[in-house]
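Quick note: numbers below take in every heavy atom, side chains included, and nothing from hydrogens, waters or symmetry partners. Just so it is clear: chains get the letters A, B, ... in the order the sequence lines come, proteins before strands, and each one is counted from 1.
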2 protein chains.
Amino acid sequence: MFNLMSKKAKTHIPRGVVVRLTRYYAILQELRSRRAQWVSSSDIAEWLGLTSSTVRQDLSHIDFRGISRKGYNVEGLAATLAKTLGADTTWSMVVVGAGNLGHALALHEEFPRKGFHIKGVFDSDPAKIGRRIGSLRVMDVLTLPRFIYEKKIDIGLIAVPSQAAQQVADLLVAGRIRGILNLTQTHIVTPKTVPVAATRIVSSLQELAHLIKRQS
Amino acid sequence: MFNLMSKKAKTHIPRGVVVRLTRYYAILQELRSRRAQWVSSSDIAEWLGLTSSTVRQDLSHIDFRGISRKGYNVEGLAATLAKTLGADTTWSMVVVGAGNLGHALALHEEFPRKGFHIKGVFDSDPAKIGRRIGSLRVMDVLTLPRFIYEKKIDIGLIAVPSQAAQQVADLLVAGRIRGILNLTQTHIVTPKTVPVAATRIVSSLQELAHLIKRQS
DNA sequence: TAGATTGTTAATCGATTAACAATC
DNA sequence: TAGATTGTTAATCGATTAACAATC
């Protein structure tokens, strides 16, 4: 058979690689703001505590080539990574849970700067519903599925107490959410079509606590 | 040679295993509150989307044995995991950065409930220094190293803008902090003796964005 | 007892690293 | 040109899974 397709097959990038690509992208943006032109795999590796082999291996998953003796063109690589990571698009989000954490997320300035826009904040507590958070008003969680569906919201952030996490996930899925970021401790279950990422802060603290204990 | 030592050598638990142990521990606490007596490796595996082999393999790292036909005693396993993860101790923390995120962290009720107590909040912005957050007052970041050293603070939470993350890490290290939780995007460098955990929220969103794009 | 579940060894799988020809 | 750096193949390493004897 003749293979007329672009060299790089768009096959499934392993999740661990994607995670590292997000970190490369963060560095690339920094370099870009410093007007750097070129970056080598060993530069990136050193900043992130990896080997240059890993970096090159990872970058071989995306459709961008470096140049011998020079490395990778900063602008070009940044653009390709942006595309791979969806950073060239804007994404709409809702925050569920208007407690301290939900409140902070709704006001977090870095999100819109990176293309992630919060379109609504929800809670089940009557005392919180109707309150202002920045330019938004807290809505009743009962209206969540309809809101997601009508506004075509992409991503839901779960910032409720752990016990309610699965229920909220179900509401998000009912509204046809496309992805979920779970900020609680609890493991949530979704259909395979709805990817979930989790940032377990308490878990991370416990992991640290273990590492500290081990030190001494 | 005779081996009179306990069967389980206290050797270095791989970091990936520790991360999963924190998740097992969360489940165990839930089970305990429901007065469950026994749990099997396959129960845990199913709730977390793992195999029972992985669970048993992980639990073989800690000094607690299950019982054939019954599984693991919930109380006993919870206690052993608590010890391994330092959840049987209380830990003192500082939050650096009194923006929205730092503010939310300082007020987050789950931390003290899990034994992580916030003893101080710091910022460099004169407009923020002196403000009240709950029962604390925002202090000048210049006084951070001395505070850590004198109060023997265990863990520092970095919740400042990315550009300042490394500087803050250096101040924490100068004060002899024992571990750092980095909530910014940026990779920070510390001496080997100071473990760092990171919860990259924007990275997680970009990871989701990639997975969503792949779906369609 | 029979059968379910552990703990552990061995096999498999995947991810990281090393190595090096190609190349600019 | 000589030498640095890529892209990729092969080797290594570690983590996950399978399998099963031990056992309650």
Revision key, fill the gap. Side chain to side chain contact (heavy atoms under 4.5 Å, CB included) filter on B:Arg15, not counting sequence neighbours, yields A:Glu207, A:Leu211, B:Ala197
On the nucleotide [N], are OP1 or OP2 found under 4.0 Å from the side-chain N or O atoms that [X] carries?
| X | N | value |
| --- | --- | --- |
| B:Arg56 | C:dT5 | no |
| A:Ser41 | D:dT6 | yes |
| A:Arg20 | C:dA15 | no |
| B:Thr54 | D:dT17 | yes |

Practice item. Taking the side chain as every heavy atom from C-beta outward, state whether A:Tyr72 and A:Arg56 have any pair of such atoms under 4.5 Å apart. Key: yes
Practice item. Mark yes when over 12 heavy atoms from residues, nucleotides or ligands other than B:Arg146 sit less than 6.0 Å from its CZ; otherwise mark no. Key: no
Review point. Of the nucleotides D:dA19, C:dA10, C:dT5, which one has an atom closest to the side chain of B:Ser53?
Key: D:dA19
Check your understanding: A:Arg69 has an atom CZ; how far is it from atom C1' of D:dA4, in whole Å?
Key -> 5 Å
Practice item. Could you say whether A:Lys70 or B:Gly66 is positioned toward the 5' end of DNA chain C, judged by the nucleotide with the nearest heavy atom to each? Key: B:Gly66
Point to revise | N/O donor-acceptor pair under 3.5 Å between A:His117 side chain and A:Ser92 backbone | key: no
Review point. In terms of ring plane angle, is the pair A:Trp91 and A:Phe116 parallel, tilted or perpendicular, where the classes change at 30° and 60°?
Key: parallel
Revision key, fill the gap. Dot-bracket for DNA chain D, 5' to 3', Watson-Crick and G-U pairs with both distances under 3.5 Å, [ ] for crossing pairs, | for partner on another strand, reads ..||||||||||||||||||||||
